[in-house]
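Residue numbers start at 1 and run along the sequence shown. We count ligands from 1, going down the list as the structure has it; atoms in each ligand are counted the same way. Predicted, not measured: the structure shown is a model, and the values here were computed from it.
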Amino acid sequence: MNIGLVGSGGREHALCKALYNSKKVGKIFCFPGNAGTSKLATNIKVDILNFKKVLSFIKSFKIDLIIIGPEEPLVRGLVDYLKQKKVKVFGPNKYASKLEGSKAFMKNLCLKNNIPTAQFKICKNASQVSNFLNKCNFPIVVKADGLAAGKGVTICKTKKEAMSVSVEILKGKFKSSKKLILEEYLEGEEASYFLIVDNKDFKFFGTAQDHKRVYEKDKGPNTGGMGAYSPAPIINKDLEKKIIKKIVKPTLLALKKKKNPYNGFLYVGLMIKDGEPYLIEYNVRMGDPECQVILPRLKTDFLKIILNAIQNKLHKTIIKWKKEKSMTIVLCSKGYPGHYKKNKIIKNLDDINLTKKDFLYHAGTISKNGNILSNGGRVLNITSTGNSYFYIRKKIISIIKRLNWKDGFFRKDIGWKVIKNNENH
Ligand code: AMP
Ligand code: GLY
């Protein structure tokens with residue numbers, strides 16, 4: 001069976017590797033992929049938002065199934081388009097993707113269905129913002145309604161700051177939407193819970209904790225994610241029951257009632273406060289870099305799970321996981337998430353010996369004339385697995401040091417919450 005994989009990040013390299021290891025997979029085609037996927041698959045240079053072009057490649061390469069990694073093509077309706085053209089595709093449709101594509105949609109769904117989340121106000125103009133800011137507590141969270149590539153959320157300490165962030169959004173800083181959400185600031189510990197969902201059922205697909213800030217000690221601006229680990233120890237059985245009952249089930253039921261049942265991976269972004277889960281965000285895909293720590297722990301054949309989901313057979317599917325823990329550290333181009341240089345050669349990549357417990361996933365890389373060059377802000381994800389987060393992190397850092405890439409930087413404190421006082425964790 002020939003598979004098409006849409007996307008080009010570390011998440012897609014991890015998905016590609018899992019597919020490559022699956023029994024039923026014939027050829028894999030990545031749209032457009034990166035230097036890492038080019039070793040396992042055929043990369044196809046194409047604008048993934050040009051649906052017609054994507055379809056023409058699907059036809060010419062006789063691709064049997066398409067799996068979509070990133071949010072933008074999902075939110076823009078690639079699934080609906082391909083299904084109409086009778087292509088088998090895994091991912092949520094345009095309506096269901098509004099869970100990520102419109103924070104106003106997601107928050108209204110929570111309100112109607114009593115799903116625990118921060119209190120909020122949707123604003124369409126400056127006077128609505130100003131009136132709300134006159135009576136709210138600070139800090140307040142200002143969120144752009146539409147997709148914003150991880151840059152749409154600002155935690156504001158004063159009215160002045162909140163007003164200026166809001167005005168920029170209202171003026172159209174993000175092309176996806178001019179609306180914004182003012183949201184109560186929730187204090188607690190963040191964790192992510194993943195599911196795979198079909199029309200009839202859903203199955204657990206791992207937990208993880210991400211590190212969004214660029215610098216150590218969680219300082220500096222937000223990024224797409226500087227590192228992650230799985231499982232997230234804070235999500236115990238009791239909390240999991242609450243997540244399913246109070247958040248997941250009412251959400252999936254609400255979408256079913258709208259005749260748009262959810263299909264695909266669902267990323268539930270949570271704040272845990274006093275043992276209670278609050279929904280911070282939904283993402284309609286696997287996380288990046290969370291996928292790079294979850295897939296190395298998967299025991300069951302990946303393609304088999306996806307095929308079962310497409311046929312609405314998840315209720316008959318048993319998904320098995322390794323007990324081992326997993327961590328990834330993201331190696332970034334110096335300057336990220338601000339301005340950074342591209343096309344910097346990464347030498348030594350073939351010289352670092354990895355064991356079966358280590359994984360080197362490419363993100364922003366490209367191969368040119370036999371060299372591997374950086375091509376983005378987040379460049380490589382070094383993942384390792386084992387029994388102790390402390391030792392896994394040590395191992396990853398030793399691999400990065402062997403790589404010795406002078407144009408890159410990384411956080412050495414990934415997992416600090418689980419490692420801080422207990423080296424055996
Ligand atoms: P989002 O894109 O909604 O996940 O927001 C990005 C990040 O902003 C989250 O991972 C949190 O760290 C933070 N954040 C978002 N909403 C809130 C909130 N209501 N209270 C506190 N922090 C938040
Ligand atoms: N790592 C956060 C995300 O994938 O949205």
Subject >> Aromatic plane relationship, Tyr81 with Phe51 - under 30° parallel, 30 to 60° tilted, over 60° perpendicular >> reply: tilted
Subject >> For ligand 2, the portion of Arg285 having any non-hydrogen atom under 4.0 Å away >> reply: side chain
Nearest non-hydrogen protein atom, [atom]:
atom	answer
atom 9 (C) of ligand 1	Glu190 OE1, 3.5 Å
atom 1 (P) of ligand 1	Glu281 OE1, 3.5 Å
atom 23 (C) of ligand 1	Ile280 CD1, 4.2 Å
atom 8 (O) of ligand 1	Val153 CG1, 3.5 Å
atom 19 (N) of ligand 1	Glu183 OE2, 2.7 Å

Using a strict cut-off of 4.0 Å, indicate which atoms of ligand 2 neighbour a heavy atom of [X].
X	result
Gly287	4 (O)
Glu290	1 (N), 2 (C), 4 (O)
Asn283	5 (O)
Gly224	1 (N), 2 (C)
Asp210	1 (N), 2 (C)

Original post:
To the nearest 0.5 Å, how far apart are CD in Glu183 and OG1 in Thr117?
Top reply: 5.5 Å
Original post:
Can you tell me how far the CG atom of Leu279 sits from the CG atom of Leu99, to the nearest 0.5 Å?
Top reply: 9.0 Å
For the residue pair [X] and [Y], confirm or rule out a side-chain donor-acceptor distance under 3.5 Å.
X	Y	value
Ser230	Arg297	yes
Asn381	Thr328	no
Asn93	Asn263	no
Ser22	Asp301	yes
Lys406	Asn404	yes

Is the distance from the ring center of [X] to that of [Y] below 6.0 Å?
X	Y	value
Tyr389	Tyr229	yes
Phe194	Phe265	no
Tyr193	Phe204	yes
Phe132	Phe120	no

Original post:
Under 3.5 Å, N or O to N or O, is Arg11 touching ligand 2 that way?
Top reply: no
**OP:** Could you tell me whether Gly225 and ligand 2 have an N or O pair separated by under 3.5 Å?
**Re:** no
Which atoms of ligand 1 are found less than 4.0 Å from any heavy atom of [X]?
X	answer
Lys103	1 (P), 2 (O), 3 (O)
Lys212	10 (O)
Met271	21 (C), 22 (N)
Lys143	3 (O), 15 (C), 16 (N)
Glu184	18 (C), 19 (N), 20 (N)

Looking at ligand 1, does any of its N/O atoms fall within less than 3.5 Å of an N/O of [X]?
X	result
Tyr185	no
Leu186	yes
Asn222	no

**OP:** Start with the C-alpha gap between Ser102 and Asp145, add the side-chain angles, then the distance that decides, and say whether side chain to side chain donor-acceptor pair (under 3.5 Å) holds.
**Re:** CA-CA 5 Å; Ser102 166; Asp145 170 49; 2.8 Å; yes
Original post:
Is it true that Gly150 lies under 4.0 Å from ligand 2, counting heavy atoms only?
Top reply: no
Original post:
Given Thr383 and Tyr361, is the side chain to side chain donor-acceptor pair (under 3.5 Å) satisfied, shown in steps?
Top reply: CA-CA 8 Å; Thr383 301; Tyr361 297 120; 5.5 Å; no
**OP:** Between Glu187 and ligand 1, find which residue part has any heavy-atom pair under 4.0 Å and reply side chain, backbone, both or neither.
**Re:** neither
